[in-house]
Amino acid sequence: MNNYIEIETLYFPIVSLRVEIKVKGDLIEKISLYQAKILYKKDNKIHTKLGALAQNFFESYFFKKKTPLFLLPLNWSLVSDFQKKVYKTLISDVPFGKTISYLELAKKIGNPNACRAVGQALSKNPWPIVVPCHRVIGKQNSLGGFSCGIPIKKLLLQHENIF
DNA sequence: TCGCAGGGCCGCT
DNA sequence: AGCGGCCCTGCGA
């Protein structure tokens, strides 16, 4: 069995971001983002195949400024059906450089009244960037919140030339 | 289980 | 600004 937990760490000094990826077996459990004003260039040491795939994914996002066509294998069993619906809609319907409001997203999943529940689902997003929760903002273009901190949400939106 | 409080919201005062 | 209502969770009894 390949069922151990491994943490892969990627450094992206150009955006002052460190990405930590928790890998278990052949699925990603969680992704965490950390910001540091000064981030020294380090060689990324990848331990797993999945880590290499994730590196490919994030390099495409940060260097080529686009979301790769392939989706990283995520452990969907960790989230509720409602979260799944929110996340998958977001992945398929809101591409790089676009935004959507909490309300619009709620409408898309077929429940116009669930905007608040959508916000709650997003607050628990285990896979930021892969599930682009940073592209969800308030209806009047307010920023909304972000589980890894508002500054990182701003940073990602600026990276996508939004705001 | 059931009830309840609280959330990355929204719209009406 | 403030408030009530909306839907989903997590927690405590």
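Below, chain A is the first sequence line, B the second, and so on; all start at residue 1.
Residue contacts for G144(A): at a heavy-atom cut-off of 4.0 Å it reaches no nucleic acid atom on any strand shown. Among the atoms of the strands shown, base atoms are found under 4.0 Å from some heavy atom of L122(A). Among the protein residues, V118(A) comes within range of no part of the nucleic acid, since none of its heavy atoms lies under 4.0 Å from any strand. As judged by a 4.0 angstrom heavy-atom cut-off over every strand, A114(A) is placed among residues touching the sugar-phosphate backbone only. Counting any heavy atom pair closer than 4.0 Å across all strands shown, K153(A) reaches a base atom.
dA1(C) and dG8(B) are spaced 22 Å apart, taking the P atom of each and rounding to whole Å.
Of all heavy-atom pairs spanning I109(A) and F82(A), the tightest one is CD1-CE1, 3.6 Å. Taking every heavy atom of both residues into account, E8(A) and G51(A) meet most closely at OE2-CA, 3.7 Å.
Atom CZ in R116(A) sits about 11 Å away from atom C1' in dC3(C), given to the nearest Å. Note: CG (L103(A)) to C1' (dG5(C)) measures 14 Å, nearest angstrom.
When the side-chain nitrogen and oxygen atoms of N111(A) are compared with OP1 and OP2 of dC8(C), one or more of them lie within a distance under 4.0 Å.
Although no hydrogens or angles enter the test, the distance criterion places a donor-acceptor pair under 3.5 Å between the side chain of Y87(A) and the main chain of A121(A). A donor-acceptor pair under 3.5 Å links the side-chain atoms of R135(A) to the main chain of V94(A), judged by distance alone.
Classification of the F57(A)-F70(A) ring pair by plane angle, with boundaries at 30° and 60°, yields perpendicular.
Atom NZ of residue K124(A) and atom CG of residue L78(A) lie 12.5 Å apart, to the nearest 0.5 angstrom.
In 5' to 3' order, the nucleotides of DNA chain B bounding all contacts with chain A (an atom under 4.0 Å from a heavy atom) are dG6(B) to dG11(B).
Residues L143(A) and K139(A) each lie close to DNA chain B; by heavy-atom proximity, the contact nearer the 5' end of the strand is made by L143(A). Mapped onto DNA chain C by nearest heavy atom, C115(A) and A121(A) fall at different nucleotides, with C115(A) at the one closer to the 5' end.
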Secondary-structure notation, DNA chain B, from Watson-Crick and G-U pairs under 3.5 angstrom (| other strand): |||||||.|||||
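Using a 4.0 Å cut-off on heavy atoms, none of the residues of residues 77-88 of chain A approach DNA chain B.
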Kindly indicate, with the supporting measurements, whether the criterion side chain to side chain contact (heavy atoms under 4.5 Å, CB included) is fulfilled by V86(A) and N125(A). CA-CA 10 Å; V86(A) 172; N125(A) 176 16; over 6 Å; no
Test side chain to side chain contact (heavy atoms under 4.5 Å, CB included) on F12(A) and V15(A) and set out the steps. CA-CA 6 Å; F12(A) 295 98; V15(A) 284; 3.8 Å; yes
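The 12-atom threshold is not exceeded at NZ of K154(A), counting heavy atoms of other residues, nucleotides or ligands nearer than 6.0 Å.
Between R18(A) and E20(A) there is a salt bridge, since at least one side-chain N of the basic residue sits less than 4.0 Å from a carboxylate O of the acidic one.
Aromatic ring centres of F96(A) and Y61(A) lie closer together than 6.0 Å.
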